[in-house]
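Beneath this line is the structure, given in structure tokens, with notes to follow.
When a ligand or atom number is given, it counts from 1 through the structure's own listing order. All values below come from the heavy atoms of this structure, side chains included, with hydrogens, waters and symmetry mates left out.
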Amino acid sequence: MSARYYITTAISYSNGEPHMGHAYEAIATDALARFQRLSGKQVLFATGMDEHGQKINTIAQDKGLSPKQMVDALALRFQEMGKMLAVSNDVFIRTSEARHHKAVQHLWRLLEENGDIYEDFYSGWYAVREEEFYTEAELITNEAGEKTAPSGAPVEWVEEPSYFFRLSAYQQKLLDYYQSHPDFISPPGARAEIIGFVRGGLRDLSITRTSFDWGIPAPGKKGHIIYVWLDALINYLTAIGWPDDDRFWPANLHIIGKDITRFHAVYWPAFLLSAGLALPKRIYAHGFVLTASGEKMSKSLGNVVDPFSLAAHCGADQMRYFFLRETPFGEDGIYSEESIKRRVNSDLANDLGNLAQRCLTMTHRAFASTVPEAGAFAAEDKALLMQAEKLPVAFNAAMESIRPDRALALIFALVGETNRYFASQEPWRLAKTDPARQAAVLYLTLEVLRRLGIMLQPFIPRAAGRLLDYLGEPAGRRDFAHLDKKLAGGQSMPDFAPLFPRMEKTDSR
Ligand code: MSP
């Protein structure tokens, strides 16, 4: 039985259309999930929607819709985006579903049984945009002289009866846990920030609201709705079928954006410790997709790029490639039309696309659409092959350390080497003078393309699949266990088409 691997994205707020920030997280998590599947793990990949809370309630009211009508429509849009981007999630979880209500109420009871819930009165600041409580000392004053959350989100004064979670009791336990599990929070900057925050002291957390009712009722606490972050975090348990089924717990990896690290690295482990459940193995906070002027792309700021029109313009695989390759994972990335065009044309259309096109064309012509027999390898063939055979070690290390950008840099270094090899061997000249040598060069290039195709599947699944189709590789020979099983000479190769068109002009917005 292969090892289980449970990976998640954050669940998106149902307060507007999906934008490029959501798409980025889905793409990156998908690449990591596909990598683990190809490595032979039994993967569960969950994503979904965060549908409760004051923000969604208010926005639905403003639109003249019931919250349920609004979230139903948006859940379809996010699922459509996933399909368009070839996101291979196994579960799509929505917090308004009955299975989630059940899990949340079950977890609530575990916290209560552990003595961590008590009744009191909340008076303090609340940022609806982030669904987060703030103390006076945490607020900043903006240029207009208004108090805001540190992110700039507006805050309002809230006074209401509330149940609290004894978060303060977990300060030392969390610090001990971070200490003994250095990989729990990544990248290192996020880890340092969280440790600093927890060292500064933890206040008990208000975990019910009474001023609206769009949420999950706290069991036995009339009029109290469970705080949307407690509700939302539990999605990671609901998605595996908890409490009936806990085989995929603990999660191996929660991929989240850096703005919500505190919820995942402080509140979530504290809730789990209180409930007596294991903690996720790793939380990775990625950076933001920024606009060309350096702003975070966000629905509330109204500066978003629509992933549907971007993909329609440049292709979904091309978009996946750009976002995964361009920015070191964990850092912010600036998106611009120029940069996407440059990447797609130079790496995909020129380097990889042309290499495949030239090699496939020549093989079809010279060898009647079959893979040539390898024959004897010359020194330069062996050198390229060795490089290709060494690649998986560094590639795996890059992916295991959640650096898809590095993994792609390694792959494209090999694409570059293969192009140099192909150009220097001039196989087009060998047809008449030395057909055996031509066969060897084309075979070797096809073999390297096969390896590249297998390793590219996590990032550009559709194009990589087509490349493997063109080599005649059957579906059962495409996982990493087959990397070392060489291409079979004499295998017939179907018709092919260019892998990537050149991008001429971007007018995606
Ligand atoms: N609903 C919460 C998460 C609950 S998880 C238990 C939330 N939703 S969100 O819709 O605002 O964001 C969903 C994810 O997308 C988060 O991880 C967030 O950081 C990420 N992004 C939202 N805008 C982003 C960018 N501009 N760039 C990259 N990712 C960003 O937070």
Side-chain angles (χ1 to χ4, degrees), residues 7-30 46-56 59 71 74-75 77-78 81-82 85 87 91-96 100 103-104 107 127-132 149 151 153 190 215-216 226-239 251 253-269 271-272 280 283-307 310 323-324 326-335:
I7 179 168
T8 69
T9 64
I11 50 170
S12 302
Y13 282 126
S14 292
N15 66 334
E17 287 279 314
H19 62 65
M20 207 40 245
H22 303 122
Y24 178 64
E25 187 168 301
I27 289 169
T29 313
D30 182 61
T47 187
M49 304 303 297
D50 186 351
E51 305 191 317
H52 291 137
Q54 186 176 349
K55 170 158 73 178
I56 286 159
I59 292 175
V71 300
L74 287 169
R77 286 296 283 163
F78 274 78
M81 178 183 78
L85 293 173
V87 175
V91 180
F92 191 86
I93 168 79
R94 298 179 51 191
T95 58
S96 60
H100 182 65
V104 171
L107 194 104
V128 179
R129 194 162 98 192
E130 298 163 347
E131 302 279 17
E132 169 73 311
S151 65
I216 301 179
I226 296 178
Y227 173 42
V228 64
W229 268 103
L230 172 55
D231 166 342
L233 287 161
I234 297 167
N235 93 84
Y236 302 128
L237 286 167
T238 312
L253 182 59
H254 291 315
I255 295 286
I256 55 164
K258 65 181 185 180
D259 52 336
I260 56 174
T261 316
R262 188 185 295 185
F263 301 98
H264 284 79
V266 182
Y267 301 172
W268 183 222
F271 296 145
L272 290 167
I283 294 163
Y284 198 103
H286 62 74
F288 290 149
V289 178
L290 304 179
T291 62
S293 58
E295 270 179 338
K296 178 189 173 203
M297 217 172 263
S298 107
K299 159 90 184 139
S300 329
L301 299 175
N303 58 4
V304 297
V305 166
D306 169 26
L310 186 55
F323 281 102
L324 293 173
E326 186 78 3
T327 306
F329 200 63
E331 293 177 20
D332 292 346
I334 292 195
Y335 155 83

Given 3.5 Å as the limit, does a donor-acceptor pair link the side chain of Asp332 with the main chain of Gly287, or not?
no
Mind checking salt bridge (charged side-chain N to carboxylate O under 4.0 Å, His left out) for Glu131 and listing every partner two or more places apart, or none if nothing turns up?
none
Would you say the rings of His264 and Tyr236 are close, in the sense that their centroids are separated by under 6.0 Å?
yes
Taking the six-membered ring for Trp, are the ring centroids of Phe329 and Tyr284 within less than 6.0 Å of each other?
yes
Tell me the residues surrounding ligand 1, counting only those with a heavy atom closer than 4.0 angstrom, sorted by chain and number.
Ala10, Ile11, Ser12, Tyr13, His19, Gly21, His22, Glu25, Asp50, Trp229, Ala232, Leu233, Asn235, Tyr236, Ile256, Gly257, Asp259, Ile260, His264, His286, Gly287, Phe288, Val289, Lys296, Met297
Can you list everything that forms a side chain to side chain contact (heavy atoms under 4.5 Å, CB included) with Ala26? Sequence neighbours excluded, please.
Val87
Sequence neighbours excluded, the answer for ring-ring contact (aromatic ring centres under 6.0 Å, His included) partners of His22 is His19, Phe78
